[in-house]
Amino acid sequence: PDWSPDKAQQQMDQAITALGRDRIIGVYAANDGTAGGAIAAMKAAGITPLPPVTGQDAELAGIQRIIAGEQYMTVYKATKAETAAAADLAVQLLRGRTPVTGRTVNNGAADIPSILLQPITVTKDNIRDTVLADTFWTVRDICTPAYAQACAQAGLR
């Protein structure tokens, strides 16, 4: 509810109680904040090792949890590509043109002109080639003192 890490933690506490600590095989979280709440609940319950936990948005805390081995992956939507596509559409509209999108998506009521970009899965193995390469985050952002050892083990300097 409300994309709240605290509420996600409460829901994960309830899931652990209902299912049992040994029956959690993974967590598919809607974003990195809710992934953090689920991870906090599992750590508090003493679940080790943590099962795979997914997130979305490539939030700094999610990237740090990935480096630390607590979160398996996040979904990254390259903001540079999104910005370029949005700017191109805006220019077309300002010039009075019908935007060229290349495809349509039916929303159940109509075919909607759409530009769909490919989201990128970010794991410990490709942080350098994704969020660092795009300067979405820097090594300095990610590798704070609390994550220095994990960053060194991941080869991030």
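No hydrogens, no waters, no symmetry mates; every other heavy atom, side chains included, goes into these values. What you see is a predicted model, and the numbers here were worked out from it, not measured in a lab.
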**Prompt:** In chain order, what residues pass the side chain to side chain contact (heavy atoms under 4.5 Å, CB included) check against Leu94, with sequence neighbours excluded?
**Reply:** none
**Item:** Considering all heavy atoms, the nearest Asn106-Ala109 contact
**Value:** OD1-N, 3.9 Å
**Item:** Minimal non-hydrogen separation, Leu89 against Val100, with atom names
**Value:** CD2-O, 4.4 Å
**Complete:** Value for NZ (Lys80) from CD (Glu82), rounded to nearest 0.5 Å, stands at 13.0 Å
**Asked** What pairs of residues pass the ring pair (Phe, Tyr, Trp, His ring centres under 6.0 Å) test when at least one of them lies in residues 69-118, not counting sequence neighbours?
**Response** Tyr76-Phe136
**Item:** Backbone N/O of Ile112 and side chain of Ser114: donor-acceptor pair under 3.5 Å
**Value:** yes
**Message:** Under the salt bridge (charged side-chain N to carboxylate O under 4.0 Å, His left out) definition, can you give me all pairs with a residue in residues 50-64, not counting sequence neighbours?
**Reply:** Asp57-Lys77
**Prompt:** What heavy-atom pair brings Trp137 and Ala58 nearest, and what distance separates the two atoms?
**Reply:** NE1-O, 2.7 Å
**Prompt:** Quick one: does Lys43's side chain get under 4.5 Å of Glu70's, heavy atoms only?
**Reply:** yes
**Co-membership, hydrophobic cluster, residues Val75 and Leu60, 4.5 Å side-chain** = no
**Complete:** Closest heavy-atom pair, Arg128 versus Gly155, reported as atoms and distance to 0.1 Å, is NH2-O, 2.5 Å
**Item:** Hydrophobic cluster membership, Ile63 vs Met73, 4.5 Å side-chain cutoff
**Value:** no
**Asked** Does some side-chain heavy atom of Gln149 sit less than 4.5 Å from a side-chain heavy atom of Gln153?
**Response** yes
**Contacts of Asp111 that satisfy salt bridge (Lys or Arg N to Asp or Glu O under 4.0 Å) - sequence neighbours left out** = none
**Prompt:** Is there a side-chain contact between Gln64 and Thr144, using heavy atoms and a 4.5 Å cut-off?
**Reply:** yes
**Message:** Using side chain to side chain contact (heavy atoms under 4.5 Å, CB included), reason through Ile66 and Thr74 one step at a time and then give a plain yes or no.
**Reply:** CA-CA 8 Å; Ile66 290 169; Thr74 187; 3.8 Å; yes
**Asked** Are any of the side-chain heavy atoms of Thr34 and Lys7 separated by less than 4.5 Å?
**Response** no
**Request:** Enter the distance from Ile24:CD1 to Leu19:CG here, rounded to the nearest 0.5 Å.
**Result:** 4.5 Å
**Complete:** With sequence neighbours left out, the residues meeting side chain to side chain donor-acceptor pair (under 3.5 Å) with Gln92 are Asp88
**Prompt:** So which heavy atom on Arg65 is nearest to which on Gly33, and how close?
**Reply:** NH2-N, 4.4 Å
**Message:** Is it true that Gln56 and Asp32 share a donor-acceptor pair across their side chains at a distance under 3.5 Å?
**Reply:** no
**Prompt:** Can you tell me how far OG of Ser4 sits from CD of Gln10, rounded to the nearest 0.5 angstrom?
**Reply:** 7.0 Å
**Request:** Starting from the C-alpha separation in whole Å, work towards a yes-or-no answer on side chain to side chain contact (heavy atoms under 4.5 Å, CB included) for Ile47 and Asp22.
**Result:** CA-CA 8 Å; Ile47 296 175; Asp22 299 331; over 6 Å; no
**Leu50 side chain reached by Ile39 side chain, heavy atoms, under 4.5 Å** = yes
**Message:** Under a 3.5 Å distance rule, please check whether Arg103 uses its side chain to pair with a backbone N or O of Pro113 as donor and acceptor.
**Reply:** no
**Request:** Please tell me if the side chains of Leu132 and Leu156 come closer than 4.5 Å, counting only heavy atoms from C-beta onward.
**Result:** yes
**Connected via hydrophobic side-chain network under 4.5 Å: Val53 and Ile16** = yes
**Val139 reachable from Ile67 in the ILVMFWY side-chain graph, under 4.5 Å edges** = yes
**Request:** Might you confirm whether atom CG of Leu116 has over 12 heavy atoms from other residues, nucleotides or ligands at distances under 6.0 Å?
**Result:** yes
**Prompt:** Are the side chain of Asp129 and the backbone of Asn126 linked by a donor-acceptor contact shorter than 3.5 Å?
**Reply:** no
**Message:** Once rounded to the nearest 0.5 Å, what's the spacing between atom SG of Cys151 and atom CZ of Arg140?
**Reply:** 13.5 Å
**Request:** Check side chain to side chain donor-acceptor pair (under 3.5 Å) between Asp13 and all other residues, then give those that pass, not counting sequence neighbours.
**Result:** none
**Asked** If you take all heavy atoms of Gly55 and Ala35, which pair is closest and at what distance?
**Response** CA-CB, 4.3 Å
**Request:** Quick one: pull up OG1 in Thr123 and CD1 in Ile120 and give me the separation to the nearest 0.5 Å.
**Result:** 12.0 Å
**Complete:** Output for pair (Thr135 OG1, Asp141 CG), nearest 0.5 Å, gives 10.0 Å
